[in-house]
**Q** 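First the structure, then my questions, so here it is.
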Amino acid sequence: MATFSQSTIDKGSDIVQDFLCSTCEDKKLDNTADFYCECCVKFFCGNCINLHSQLFTKHDTFGRKHMKKWPVTKKVKDFLLKCDVHRDENLKMFCDEHSELCCTNCAFLNHRHCPKVTLISDIVKIQSTDLKKLSVSIQTILEEMRKLQGNQEANLQYMQNSFDEQLQKIHETRRKINAALDTIEQKTLNEMKDTLTKLQASCKDDVNKCISLQDELKQLRDAIQDISDKSKLELSFIATWKCKDKIQHCETFLKKNSLQVRVSITFQPNSEIVQYLSKLSGLGKIDHSTQTLRVQENPNKVFTVQGKSVHNVKKSRYSKECYITAICVLPEGQVLVADYTNNTIKLLDQQHQVVSHCSVTSSPSGMCQITPTEVAVTLNSEVQFITVNNRKLVKGRKLQLQHLCYGIACHQEDLYITDIRALYKYTLSGKQVSKMYGDKSGFCTVYMVAVSPTGDKLYITDSSHHRLLTLARDGSVLATFTDPAILEPRDVHVTPAGQVLVCGFLSHTIIQVDDEGRKKLAILATEEDGVVYPQSVCYNRHTASILVGLFENNSILVFKVQ
C-alpha cells in the first residue's frame with residue numbers, strides 16, 4: 001500500500017494525511033496520489049492513472065471525490081492502533097473491569113487477573129460505536145478549552161495591567177520621599193516584579209496545558225473523521241475509547257479550572273513612611289489577591305499500588321552497572337535520572353527509554369527542579385545546572401561550594417543542600433545564607449533533603465540513625481520518625497500534593513509518611529516487588545506512578561498508583 005508524503009504529516013499536532021503515487025514512489029519521486037485502485041491496492045497520480053486505465057480496463061478506481069472508499073492512512077492506523085505504553089505493540093484487547101484498551105503486554109502485566117479481558121475483534125461484532133457523537137463531544141471540549149485558554153491569557157493581561165497601575169502608585173508615593181530612599185525603592189520594585197513573574201508562571205502553565213490538550217483532541221478528531229463511514233470496526237472501537245479517555249482527561253482539567261480568576265497585584269503604601277524611614281526595608285507591602293480559592297489536595301492521601309513495570313536505563317552494553325541516585329520529573333513530564341557510576345544524567349521518554357544524556361565531571365548524588373526546564377545536580381563539592389532543550393540535555397552554569405554536597409532541594413529562590421552531616425541554605429546565585437542544621441553523631445546523619453510544596457517544612461534522611469527528620473523553616477526539629485520499614489533511609493521525596501515518600505535502603509522498602517513526619521501511612525513496595533537496595537524515589541503526576549532507582553542495577557521500577 002502507498003505511504004505518506006513526510007512533508008504532509010506532523011504539521012503542528014494535527015494529523016494531516018496524504019498518499020504518494022505508488023508507481024512514482026518506485027521511481028523515487030514524491031508525487032501526490034489522486035486515484036486509488038481497489039483491485040491493485042495501489043495509488044496513482046494524474047499521469048500514471050492513464051496508463052493503468054489502459055492496462056486494466058475493468059479495475060474500479062476512485063478519485064479524491066470518493067475518498068471514503070480509500071483505505072485508512074497508515075498514520076491514522078498507527079496513531080489509533082499503537083499502545084501508548086508499548087509503542088511496538090498493537091491494541092488487541094479490552095479489559096471490561098478497568099475500561100482500558102490493552103496490548104498483549106499490557107494484558108499480561110496489568111490485567112492477567114481481571115475476570116473479563118476480551119479480544120477487540122470479538123467485541124466489535126456485538127458492540128457499535130458512534131463516531132459522529134464523539135466528534136461533536138470533542139468539538140465541544142475544544143471550545144471549552146479555547147475559552148479557558150482565553151480566560152487565562154486575559155488573566156495574564158489583567159495581572160500586567162494591575163501591575164502597571166500599582167507601579168504608578170509606587171512612583172506617586174516615592175515623590176513624597178527624599179532622595180535617601182532610592183535604595184529602598186529599588187528593593188520594593190524588585191519584590192513586585194518577582195511577584196508578577198511567579199504569578200504569571202502558574203497561569204502560563206495552564207495556557208500551555210490548554211494548548212497541549214487541544215492538540216491531542218484535534219488529533220483524535222481528525223482520526224475520527226478519517227475512519228468514519230469506512231466500516232473499520234476495530235479502529236472505531238479503539239478511537240471511541242481513546243476519545244472517551246481524552247475527553248474525561250479534559251473534563252477533569254476543565255473542572256479544576258472551572259472558576260475564572262483574576263489575580264491582581266496591589267501595593268499598600270505606608271502612610272507613616274517618612275516618620276519611620278530608618279526602620280523600613282521597603283516602600284510598602286507587595287501582595288496579590290485571588291478571587292477564588294483552590295481546593296487543597298490531601299497530603300496524607302495514601303497511594304494504592306496497582307501495577308509494576310521494569311525499565312532498563314543502561315545507555316550501552318559497555319557502560320558500568322547503573323546506580324540511580326536521583327530521579328526528577330519536570331512539569332512537562334520529562335524524566336531525568338542521575339547515574340552515579342557512569343557520571344551521567346539521562347533523559348527518558350514516556351516509555352522510560354533513554355533518549356538523551358550528558359556527562360558530568362563526577363558522580364552525581366542529588367537532583368532537583370529549578371525551573372520548568374532546568375534542574376540542579378550535586379557533584380562532589382559543586383552544583384551543575386542542566387537544561388532540557390528539544391529532548392537534549394544542555395549543561396549550564398556551576399556553583400562551587402566550600403563543602404561536600406549530596407542532597408539538594410529548591411523552593412522559590414532558596415536552595416537547600418546537604419553535606420551528609422549538615423543542611424545549608426543558599427540563594428540560587430550561590431550565596432550561602434545559613435547553616436540550618438547539623439549533626440556530627442554519625443557518618444551520614446544529613447543525607448537527602450526534600451521540601452514541602454509550601455516551603456514550611458523540610459524533610460531530611462538520617463541514614464546513620466535510621467530516621468526521618470522534619471524541620472521548620474528556621475531549621476528547628478519538628479518531628480523525628482523511626483520505623484523498621486526504613487532501615488538506613490536514603491532518598492526522601494515530596495509530591496506536588498505534599499505526600500511524603502521515603503526509601504529504606506537496607507529494609508528494601510518504599511514507604512509513605514504523613515506530612516507532619518510523625519507516622520507511617522503505608523508500605524507501598526517491598527523486596528518482593530523488586531525493591532532491592534532502593535536509592536531514589538520520585539512521583540510522576542503525569543503518569544500517576546512512583547519511580548524507584550536501585551543500587552547497582554540497570555533498571556528503574558515504575559509503580560502505577562492511584
Side-chain angles (χ1 to χ4, degrees), residues 12-15 76 79-80 82-85 91 94-102 106 110 127-156 202-228 235-263 290-298 301 303-304 306 329 331-333 350 495-497 539-545 560-562:
S13 60
D14 292 344
I15 300 178
V76 173
F79 171 67
L80 293 175
K82 294 301 181 183
C83 175
D84 291 337
V85 178
L91 296 168
F94 181 75
C95 176
D96 191 65
E97 180 178 354
H98 295 99
S99 297
E100 285 184 7
L101 299 162
C102 49
C106 289
N110 304 323
Q127 186 171 333
S128 61
T129 58
D130 190 347
L131 296 182
K132 290 183 178 180
K133 184 176 180 181
L134 283 172
S135 183
V136 172
S137 298
I138 287 179
Q139 195 60 39
T140 302
I141 293 292
L142 282 172
E143 184 60 33
E144 293 181 20
M145 296 296 295
R146 282 193 290 268
K147 288 180 181 179
L148 175 59
Q149 179 185 343
N151 290 335
Q152 295 294 48
E153 289 173 341
N155 197 19
L156 286 172
S202 174
C203 197
K204 288 177 180 177
D205 285 344
D206 285 344
V207 172
N208 292 335
K209 185 65 175 178
C210 286
I211 294 172
S212 174
L213 289 175
Q214 287 180 86
D215 287 344
E216 293 173 4
L217 284 172
K218 289 175 183 177
Q219 285 184 293
L220 287 169
R221 178 196 62 196
D222 292 344
I224 288 173
Q225 292 173 352
D226 186 81
I227 66 174
S228 62
L235 290 177
S236 297
F237 182 84
I238 293 171
T240 296
W241 282 100
K242 284 200 171 187
C243 289
K244 288 182 178 179
D245 180 67
K246 190 56 64 180
I247 289 172
Q248 183 180 13
H249 189 182
C250 292
E251 288 175 340
T252 301
F253 180 73
L254 287 167
K255 185 177 180 180
K256 289 182 179 179
N257 296 273
S258 60
L259 297 177
Q260 298 183 20
V261 299
R262 289 290 184 271
V263 181
T290 302
Q291 296 176 358
T292 58
L293 297 176
R294 284 185 179 273
V295 178
Q296 294 294 321
E297 295 182 86
N298 180 13
K301 178 183 177 182
F303 284 118
T304 302
Q306 296 185 320
V329 180
E332 291 301 321
Q350 292 182 348
T495 74
Y539 174 72
N540 187 343
R541 63 183 177 85
H542 298 275
T543 58
S545 58
K560 195 75 174 177
V561 295
Q562 187 176 24

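Predicted, not measured: the structure shown is a model, and the values here were computed from it.
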**Q** Under the side-chain hydrogen bond (donor to acceptor under 3.5 Å, both in side chains) test, which residues partner E100, sequence neighbours left out?
**A**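 Checked E100 against side-chain hydrogen bond (donor to acceptor under 3.5 Å, both in side chains); matches are H111.
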**Q** From K244 NZ over to L101 CG, what is the distance, rounded to the nearest 0.5 angstrom?
**A**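 Spacing of NZ (K244) from CG (L101) equals 10.5 Å.
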**Q** Atom CG in L80, atom CH2 in W241: separation rounded to 0.5 Å?
**A**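 Answer rounded to 0.5 Å: 15.5 Å.
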**Q** State the SG-CD1 distance between C243 and I141, to the nearest 0.5 angstrom.
**A**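 Answer rounded to 0.5 Å: 11.5 Å.
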**Q** Just jot down the salt bridge (Lys or Arg N to Asp or Glu O under 4.0 Å) partners of R146, sequence neighbours excluded, or say none.
**A**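 R146 satisfies salt bridge (Lys or Arg N to Asp or Glu O under 4.0 Å) with E143 once adjacent residues are dropped.
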**Q** With sequence neighbours excluded, what pairs up with N110 under the side-chain hydrogen bond (donor to acceptor under 3.5 Å, both in side chains) test?
**A**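 side-chain hydrogen bond (donor to acceptor under 3.5 Å, both in side chains) list for N110, sorted by chain: empty.
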**Q** For the pair L156 and K204, evaluate side-chain contact (heavy atoms from CB on, under 4.5 Å) and give the outcome as yes or no after the intermediate values.
**A** CA-CA 8 Å; L156 286 172; K204 288 177 180 177; 4.1 Å; yes
**Q** Apply side-chain hydrogen bond (donor to acceptor under 3.5 Å, both in side chains) to E153 and list each qualifying residue two or more places apart in sequence or on a separate chain.
**A**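 Scan of E153 (side-chain hydrogen bond (donor to acceptor under 3.5 Å, both in side chains), adjacent residues dropped) gives Q149.
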**Q** Taking all non-hydrogen atoms of both residues into account, name the closest pair between C95 and C102 and its distance.
**A**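 Answer, listing the atom of C95 first, then C102: N-SG, 4.3 Å.
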**Q** Residues in salt bridge (Lys or Arg N to Asp or Glu O under 4.0 Å) with K209, at least two apart?
**A**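 K209: no salt bridge (Lys or Arg N to Asp or Glu O under 4.0 Å) contacts found.
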**Q** List in chain and number order the residues that pass side-chain contact (heavy atoms from CB on, under 4.5 Å) with E332, two or more places apart in sequence or in another chain; answer none if no residue qualifies.
**A**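 Partners of E332 under the side-chain contact (heavy atoms from CB on, under 4.5 Å) test: Q334.
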**Q** Q139: which residues meet the side-chain hydrogen bond (donor to acceptor under 3.5 Å, both in side chains) condition with it, sequence neighbours left out?
**A**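 Applying side-chain hydrogen bond (donor to acceptor under 3.5 Å, both in side chains) to Q139 gives none.
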**Q** Is the backbone of L148 close enough, under 3.5 Å, to the side chain of Q152 for a donor and an acceptor to pair up by distance?
**A**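 The answer is no, because no donor-acceptor pair under 3.5 Å joins these two groups.
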**Q** Which pair of heavy atoms, one from V85 and one from C106, lies closest together, and at what distance?
**A**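 The pair with the smallest heavy-atom distance is CB-SG, 4.4 Å.
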**Q** How would you list, by chain and number, every residue that makes a side-chain contact (heavy atoms from CB on, under 4.5 Å) with V329, sequence neighbours excluded?
**A**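 Result, side-chain contact (heavy atoms from CB on, under 4.5 Å) vs V329: V335, C538, N540, H542.
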**Q** With sequence neighbours excluded, what pairs up with K242 under the salt bridge (Lys or Arg N to Asp or Glu O under 4.0 Å) test?
**A**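 Testing K242 for salt bridge (Lys or Arg N to Asp or Glu O under 4.0 Å), a comparison that skips the adjacent residues, returns D84.
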**Q** Once ring-ring contact (aromatic ring centres under 6.0 Å, His included) is applied, do any residues pair with F253, and if so which ones, sequence neighbours excluded?
**A**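 Expected list: none.
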**Q** Restricting to side-chain contact (heavy atoms from CB on, under 4.5 Å), what partner residues turn up for A544, sequence neighbours left out?
**A**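 Expected list: Y539.
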**Q** List the residues meeting side-chain contact (heavy atoms from CB on, under 4.5 Å) with D96, not counting sequence neighbours, and say none if there are none.
**A**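 Checked D96 against side-chain contact (heavy atoms from CB on, under 4.5 Å); matches are F94, K116.
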**Q** Can you measure from CD1 (I224) to CD1 (I138) and round to the nearest 0.5 angstrom?
**A**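 Reported value, rounded in 0.5 Å steps: 4.0 Å.
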**Q** With a 4.5 Å cut-off on side-chain heavy atoms, are V263 and C203 touching?
**A**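 The answer is no; the side chains never approach within 4.5 Å.
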**Q** Please examine the side chains of H249 and L213, heavy atoms only from C-beta on, and report whether any two atoms are closer than 4.5 Å.
**A**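 Sidechains of H249 and L213: in contact.
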**Q** If I compare all heavy atoms of A239 with all of I227, which pair ends up nearest, and what's the gap?
**A**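 Closest pair (atom of A239, atom of I227, distance): CB-CD1, 3.9 Å.
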**Q** Are there more than 12 heavy atoms of other residues, nucleotides or ligands under 6.0 Å from atom CD of E144?
**A**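 Result for CD/E144: enclosed.
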**Q** Using a 6.0 Å cut-off, check whether atom CD of Q248 has over 12 heavy atoms from anything other than its own residue.
**A**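 Check fails, neighbour count at 12 or below.
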**Q** At what distance, to the nearest 0.5 angstrom, does CD of E216 lie from NZ of K246?
**A**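 Those atoms lie 3.5 Å apart.
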**Q** What distance separates Q306 CD from H98 NE2, expressed to the nearest 0.5 Å?
**A**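 That separation rounds to 6.0 Å.
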